[in-house]
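See below for the structure under consideration.
Since the structure is predicted, the reported quantities are computational estimates derived from the model, not experimental observations.
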Amino acid sequence: MKKSDKFKFAEKCLYEYKRNIACLEVLKEDLRVAEADTDVRAQNYQYTFSTGGEVSDPVSARLMKIEMLKERIKYLERHTNPITTLMNDLTTSDVLNGSRNKDLMQVLRLMYFGGNTPDAIIDELNIARRTFSRRRRELVYVTICYLGL
């Protein structure tokens with residue numbers, strides 16, 4: 001993977017983090033419901049016939065749905081867990097005001113989670129455009145490391 005592709009992918013993961021976390025919660029709830037439904041229906045297991053006269057197995061269809069939910073959850077967790085770890089590392093209790101980690105966390109919250117424009121962030125943090133670009137680039141490169149790219 002080229003360096004520019006890694007950068008774009010990491011930024012995409014940062015921008016989609018909040019949406020992916022929300023999707024994970026919904027998928028986990030769907031998985032709990034599907035597993036409970038499978039447990040109840042497994043007790044009343046019956047074969048049914050499809051329109052073609054073939055035997056249809058409703059249990060295997062439910063199990064396939066559960067497997068698909070699990071795979072989707074794993075996929076989203078591979079994109080969100082590293083960013084959650086990064087956020088935890090940037091906000092540890094030993095981070096002091098004015099430190100590099102605090103600055104990176106501000107850029108992360110304002111740009112990727114807040115949806116602000118670079119100009120609005122520059123005004124909010126009262127920093128130079130070059131400083132903002134440097135912090136943004138550094139944040140994305142740290143994210144690349146956390147994502148394992």
Which pairs would a plain distance check flag for residues 117-124, meaning a side-chain donor or acceptor within less than 3.5 Å of a matching protein atom at least two apart in sequence or in another chain?
residue	atom	partner	partner atom	Å
Thr117	OG1	Ala120	N	3.2
Asp119	OD1	Arg129	NH1	3.4
Asp119	OD1	Arg129	NH2	2.2

Notebook entry, point to check: How would you list all residue pairs meeting ring pair (Phe, Tyr, Trp, His ring centres under 6.0 Å) that involve residues 104-149, not counting sequence neighbours?
Noted result: Phe7-Tyr141, Tyr15-Tyr112, Tyr17-Phe113

State, to 0.1 Å, how close [X] and [Y] come at their nearest heavy-atom pair, and which atoms those are.
X	Y	result
Arg78	Leu147	O-CD2, 4.0 Å
Thr80	Ile21	CB-CD1, 3.9 Å
Val140	Ala10	CG1-CB, 3.9 Å
Arg135	Val107	CB-CG2, 4.0 Å
Leu76	Cys23	CD1-CB, 3.8 Å

What's the spacing between [X] [atom1] and [Y] [atom2] if we round to 0.5 Å?
X	Y	atom1	atom2	answer
Asn88	Ile83	CG	CD1	12.0 Å
Lys12	Leu14	NZ	CG	12.0 Å
Leu110	Met105	CG	CE	10.0 Å
Lys8	Lys2	NZ	NZ	7.5 Å
Asp103	Glu138	CG	CD	9.0 Å

Answer whether the closest heavy-atom distance between the side chains of [X] and [Y] falls below 4.5 Å.
X	Y	result
Arg136	Met111	yes
Thr91	Arg109	yes
Thr143	Leu108	no
Leu27	Leu31	no

Next item on the list: Could you walk me through whether His79 and Glu16 pass side chain to side chain contact (heavy atoms under 4.5 Å, CB included), step by step?
Entry: CA-CA 9 Å; His79 293 103; Glu16 294 178 348; over 6 Å; no

Ion pair [X]/[Y], N-O distance below 4.0 Å:
X	Y	result
Glu11	Arg137	no
Glu77	Lys74	no
Glu29	Arg32	yes

Check: Do side-chain atoms of Thr131 reach the backbone of Ile127 as a donor and acceptor pair under 3.5 angstrom?
Finding: no

Next item on the list: Could you walk me through whether Leu86 and Leu104 pass the side chain to side chain contact (heavy atoms under 4.5 Å, CB included) test, one step at a time?
Entry: CA-CA 10 Å; Leu86 170 65; Leu104 293 178; over 6 Å; no

